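Here the structure comes first, spelled out in structure tokens, and everything after it is commentary.
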Amino acid sequence: MKIAFVGKGGSGKTTLSSLFIRHLAATAAPVVAVDADINQHLGAALGLDEAEAAGLPAMGERLGLIKDYLRGSNPRITSADTMIKTTPPGEGSRLLRVCESNPVYEACASTVELDGGAVRLMVTGPFTDADLGVACYHSKTGAVELCLNHLVDGPGEYVVVDMTAGSDSFASGMFTRFDITFLVAEPTRKGVSVYRQYKEYARDFGVALKVVGNKVQGQDDLDFLRAEVGEDLLVTVGHSDWVRSMEKGCPPRFELLEDVNHRALRTLRSAADATYALRDWESYTRQMVHFHLKNAGSWGNERTGTDLAAQVDPGFVLGEGVVATA
């Protein structure tokens with residue numbers, strides 16, 4: 001399952017995504033974790049020290065390698081230089097699987113040991129002033145989107161992405177690449193404002209959206225969230241001494257996380273697992289093509305000097321049964 005954690009800055013989405021990743025790893029589930037936030041904190045939340053986190057290989061700096069590998073022998077893509085973040089796979093493209101070795105993982109993924117297991121961690125890399133210019137930082141997150149477009153995952157496999165804060169995720173089609181999106185919201189008006197924005201976009205594209213209430217301290221907070229988000233509220237999380245210790249750099253063993261928070265994580269996993277039966281690979285592929293054609297017309301064709309609509313393979317549908325190019 002492909003799972004996104006979103007929310008406004010400071011909502012606690014990176015903390016909750018790291019807890020969910022730890023929960024999955026503790027059950028020996030195969031996990032690829034991706035830090036796609038402008039603030040690169042997921043590595044630290046998973047226990048890496050400052051030097052280790054800073055030394056993680058950046059996807060944004062290896063975009064050429066990623067494109068060249070994924071392109072494979074697809075005859076519709078004349079060169080890696082003509083690939084943009086929304087380029088969809090087609091006949092001859094190479095696909096990514098969660099449980100495999102491939103040049104993209106070898107170049108961009110690091111193994112992080114956690115209590116009871118390990119995960120592959122991939123990061124966009126730190127954002128610079130150049131990334132915050134005309135093209136903003138989507139050149140970095142574009143590497144993530146391209147990988148998600150070429151990724152096939154099965155039941156019991158997890159790709160967990162800590163997304164950029166706020167509504168910036170809507171600058172591309174990446175918000176449609178997930179089986180479920182967990183929106184982390186505090187019980188405040190600002191806390192639910194991003195929910196309203198996400199809900200509007202999610203409605204148009206069939207995105208499965210559930211709210212995780214964070215920093216909930218009592219019945220008043222719970223009543224507020226229920227009134228604001230209704231049935232989209234999946235679960236709430238309150239104060240955690242375990243998280244406080246983690247944020248100080250000395251987390252206890254994960255099994256010592258409070259029982260109520262372990263239950264909350266199990267609820268998140270059950271909600272994610274339930275989306276597998278609802279998968280529609282044809283719709284997923286159509287959405288991919290929709291955003292690619294939109295990006296091609298608005299800026300991609302001009303930037304690459306190529307008619308990027310020709311990259312679309314009309315007979316190709318991504319799915320678990322697709323045999324990728326070796």
Side-chain angles (χ1 to χ4, degrees), residues 2 4 34 36 59-98 100 102-105 107-108 122 124 131 134-153 159 161 169-179 201 204-207 279-326:
K2 293 181 282 290
V34 183
M59 297 175 72
E61 295 176 0
R62 292 159 177 81
L63 186 55
L65 179 151
I66 293 171
K67 289 181 177 181
D68 194 55
Y69 177 75
L70 297 178
R71 175 191 169 212
S73 60
N74 187 336
R76 296 176 179 273
I77 304 174
T78 57
S79 71
D81 290 338
T82 65
M83 294 180 75
I84 61 174
K85 61 185 179 181
T86 52
T87 295
E91 188 69 30
S93 296
R94 292 191 181 98
L95 304 179
L96 301 176
R97 309 272 175 170
V98 174
E100 69 172 4
N102 60 57
V104 173
Y105 290 156
C108 304
M122 303 173 73
T124 58
D131 293 309
V134 175
C136 199
Y137 47 86
H138 301 126
S139 59
K140 290 274 175 63
T141 57
V144 179
E145 185 169 358
L146 195 58
C147 286
L148 290 175
N149 279 355
H150 290 74
L151 189 143
V152 179
D153 55 309
V159 179
V161 183
S169 304
F170 304 130
S172 70
M174 191 157 71
F175 74 98
T176 68
R177 301 298 84 201
F178 302 99
D179 294 291
Y201 282 92
D204 293 337
F205 291 95
V207 173
R279 279 189 170 182
D280 182 344
W281 285 106
E282 290 190 4
S283 175
Y284 186 83
T285 305
R286 283 197 304 271
Q287 287 182 341
M288 195 187 309
V289 170
H290 166 80
F291 281 102
H292 181 61
L293 295 177
K294 182 178 179 181
N295 279 269
S298 62
W299 60 269
N301 290 344
E302 181 178 357
R303 185 171 299 179
T304 63
T306 304
D307 178 12
L308 297 179
Q311 294 181 341
V312 176
D313 185 342
F316 183 85
V317 176
L318 189 65
E320 292 175 56
V322 175
V323 178
T325 298

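All residue numbers refer to positions in the sequence shown, counting from 1. All of these numbers come straight from a predicted model, not from anything done at the bench.
Taking the six-membered ring for Trp and thresholds of 30 and 60 degrees, F205 and F291 have ring planes inclined between 30 and 60 degrees apart.
For the residue pair V104 and L65, the shortest heavy atom distance occurs at CA-CD2, 4.2 Å. The two residues F316 and P89 make their nearest non-hydrogen contact at CD2-O, 3.3 Å. Scanning all heavy atoms of the two residues, the minimum distance from C147 to I66 falls at SG-CG2, 3.8 Å. Here the closest non-hydrogen pair linking L148 and R177 is CD1-CB, 3.9 Å. Of all heavy-atom pairs between V152 and R97, the closest is CG1-NH1, 3.5 Å. Taking all atoms of both residues into account, the shortest heavy-atom contact from D81 to T304 is O-CG2, 4.1 Å.
Here T82 contributes atom OG1 and K67 contributes atom NZ; the two are 8.0 Å apart, rounded to the nearest 0.5 Å. Of the inter-residue distances, the one linking D313 atom CG with I77 atom CD1 reads 9.5 Å to the nearest 0.5 angstrom. With values rounded to the nearest 0.5 angstrom, L95 atom CG is found 11.0 Å from N149 atom CG. We find the CG-OG1 distance between L308 and T87 to be 6.5 Å, quoted to the nearest 0.5 Å. Atom CE of residue M288 and atom CG of residue L293 lie 12.0 Å apart, to the nearest 0.5 angstrom. Atom CG in L146 sits 4.5 Å away from atom CE in M83 (nearest 0.5 Å).
Residues meeting the side-chain hydrogen bond (donor to acceptor under 3.5 Å, both in side chains) test with E320, sequence neighbours left out: Y276. For H150, there are no side-chain hydrogen bond (donor to acceptor under 3.5 Å, both in side chains) partners, not counting sequence neighbours. For R279, the side-chain hydrogen bond (donor to acceptor under 3.5 Å, both in side chains) test picks out D153, D179, with sequence neighbours left out. By the side-chain hydrogen bond (donor to acceptor under 3.5 Å, both in side chains) test, N102 pairs with E100, sequence neighbours left out. Residues that satisfy the ring-ring contact (aromatic ring centres under 6.0 Å, His included) test with W281, not counting sequence neighbours, are Y284. Residues passing the side chain to side chain contact (heavy atoms under 4.5 Å, CB included) test with R62 are P57, A58, A107, C108, sequence neighbours excluded.
Residues P88 and T285 fail the side-chain proximity criterion, which asks for heavy atoms closer than 4.5 Å. For the pair E91/R76, no side-chain contact is recorded, criterion being any heavy-atom separation below 4.5 Å from C-beta on. For the pair L318 and L151, the minimum side-chain heavy-atom distance is 4.5 Å or more. Side-chain contact between V159 and F178 is absent, with no heavy-atom pair separated by less than 4.5 Å.
The side-chain hydrogen bond (donor to acceptor under 3.5 Å, both in side chains) with T86 is formed by just one residue from the set Q311, E145, H292; it is H292.
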